[in-house]
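A short write-up of the structure that comes next.
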2 protein chains.
Amino acid sequence: MDGSTGPADEISFGVLGEMLGYRLRRAQLTFFNNFSTACSDLGVSPGLFGVLVIAKENPGLTQTAVAQALGNDRSAMVAAVDRLEKLDLIERRPSKKDRRSYALYLTDHGQKFYKELVDRVAAHEDKLCERLKPGEKELLLEILSRFAS
Amino acid sequence: MDGSTGPADEISFGVLGEMLGYRLRRAQLTFFNNFSTACSDLGVSPGLFGVLVIAKENPGLTQTAVAQALGNDRSAMVAAVDRLEKLDLIERRPSKKDRRSYALYLTDHGQKFYKELVDRVAAHEDKLCERLKPGEKELLLEILSRFAS
DNA sequence: TATTGTTATACTCTATAACTATA
DNA sequence: TATAGTTATAGAGTATAACAATA
């Protein structure tokens with residue numbers, strides 16, 4: 001104890017502390033950084049992981065459809081699928097219905113890799129979720145899903 | 001009813017739907033876009049708003065201290081404070097204690113502008129929070145604050 | 001005409017490293 | 001030596017506009 005009223009470097013956050021937008025940004029940054037630490041050696045970013053999951057769950061989808069599902073522009077899919085192809089996780093197959101588009105599929109290696117990847121991602125999510133009490137994760141997911149668009 | 005089992009274009013999100021990181025990212029994006037729509041005409045981004053609030057609540061803080069409070073690098077402060085200075089919202093005053101650093105203060109115009117800005121930001125947060133039931137916002141803020149670092 | 005994948009481009013955000021002037 | 005502000009730079013991430021091939 002030094003008898004002072006408190007450290008002089010204590011900072012007031014004002015309205016920022018009551019703003020959902022700010023809290024969401026900080027929390028999301030924590031999850032993003034945690035994900036990167038966990039998976040950077042595999043070459044998979046959060047964004048690439050999203051593409052991988054959608055392709056895994058919906059085989060044969062076009063790039064544009066994946067982009068729409070994830071809420072971003074189809075032009076962003078090109079580099080993403082390029083990288084996933086170089087990692088031998090995804091392959092572009094010419095669509096038989098529409099010769100303009102590709103159908104996306106996980107490669108054999110991608111299928112095996114997927115299980116390992118999801119385990120690792122889940123493990124690190126679980127570690128962060130140790131900060132939650134029972135039932136809070138489900139509650140959070142439900143509430144956040146209302147802000148998905 | 002067409003007798004089918006459902007639309008063929010219904011997309012499965014797999015584990016993504018149960019991942020807090022993904023839900024946080026989508027929700028945060030909604031808030032970010034909403035903020036930008038509400039405040040782009042004022043030239044204030046979510047990041048600049050954060051700097052403004054910290055400077056307002058803690059007059060005389062150095063750039064480095066503001067950066068630490070917001071969790072980003074001090075090099076990012078330069079352009080941020082430059083822009084806020086051009087908007088006549090913030091001023092750099094030479095610190096009397098340490099000639100290496102500046103003390104940041106809101107300008108007179110910044111003080112007036114701040115109230116108007118906070119009102120507008122709060123209004124648009126409130127609009128998004130119409131999706132929440134009573135008590136859920138406070139609950140969200142409390143839970144999310146645990147992921148602030 | 002409209003759409004798919006693509007390219008070029010640009011803008012934001014963010015981080016690292018090195019410089020300078022102070023401490 | 002360590003730190004504050006700065007600069008240069010680079011890497012993601014994201015979006016727009018335009019083009020060729022195809023619908």
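In what follows, chains carry the letters A, B, and so on, assigned in the order in which the sequence lines appear, proteins first and then strands, with residues in each chain numbered from 1.
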Please report, rounded to the nearest Å, how far the [atom2] atom of [N] is from the [atom1] atom of [X].
{"X": "A/Phe32", "N": "C/dC13", "atom1": "CZ", "atom2": "C1'", "answer": "11 Å"}
{"X": "B/Met77", "N": "C/dT14", "atom1": "CE", "atom2": "C1'", "answer": "11 Å"}
{"X": "B/Arg26", "N": "D/dG13", "atom1": "CZ", "atom2": "C1'", "answer": "15 Å"}
{"X": "A/Gln68", "N": "C/dT3", "atom1": "CD", "atom2": "P", "answer": "10 Å"}
{"X": "A/Phe35", "N": "D/dA12", "atom1": "CZ", "atom2": "P", "answer": "15 Å"}
{"X": "A/Leu29", "N": "D/dA12", "atom1": "CG", "atom2": "P", "answer": "16 Å"}

Do [X] side-chain atoms and [Y] backbone N/O form a donor-acceptor pair below 3.5 Å?
{"X": "A/Asn33", "Y": "A/Leu29", "result": "yes"}
{"X": "B/Arg92", "Y": "B/Tyr102", "result": "no"}
{"X": "A/Thr30", "Y": "B/Phe147", "result": "yes"}
{"X": "A/Arg26", "Y": "B/Leu70", "result": "yes"}
{"X": "B/Ser12", "Y": "A/Glu57", "result": "no"}
{"X": "A/Arg23", "Y": "B/Leu144", "result": "no"}

Strand contacts (DNA chain D) in residues 38-64 of chain B, 4.0 angstrom heavy-atom criterion
B/Thr62, B/Gln63, B/Thr64
Residues in residues 82-95 of chain A with a heavy atom under 4.0 Å of DNA chain D, by number, are A/Arg83
Should we count CG of A/Asp41 as having more than 12 external heavy atoms under 6.0 Å?
yes
Counting only heavy atoms not in A/Asp126, do more than 12 sit closer than 6.0 Å to its CG atom?
yes
With A/Phe49 as partner, the option from A/Phe113, A/Phe32, A/Phe35 fulfilling ring pair (Phe, Tyr, Trp, His ring centres under 6.0 Å) is A/Phe35
Take the angle between the ring planes of B/Phe13 and B/Tyr22 and call it parallel below 30°, perpendicular above 60°, tilted in between.
tilted
Protein within reach of the bases, or only the backbone? For nucleotides 17-23 of chain D, mark each nucleotide 5' to 3' as B, S or -, using heavy atoms under 4.0 Å.
----BBS
List the atom of B/Cys39, the atom of B/Leu117, and the distance in Å for their closest heavy-atom pair.
SG-CD1, 4.1 Å
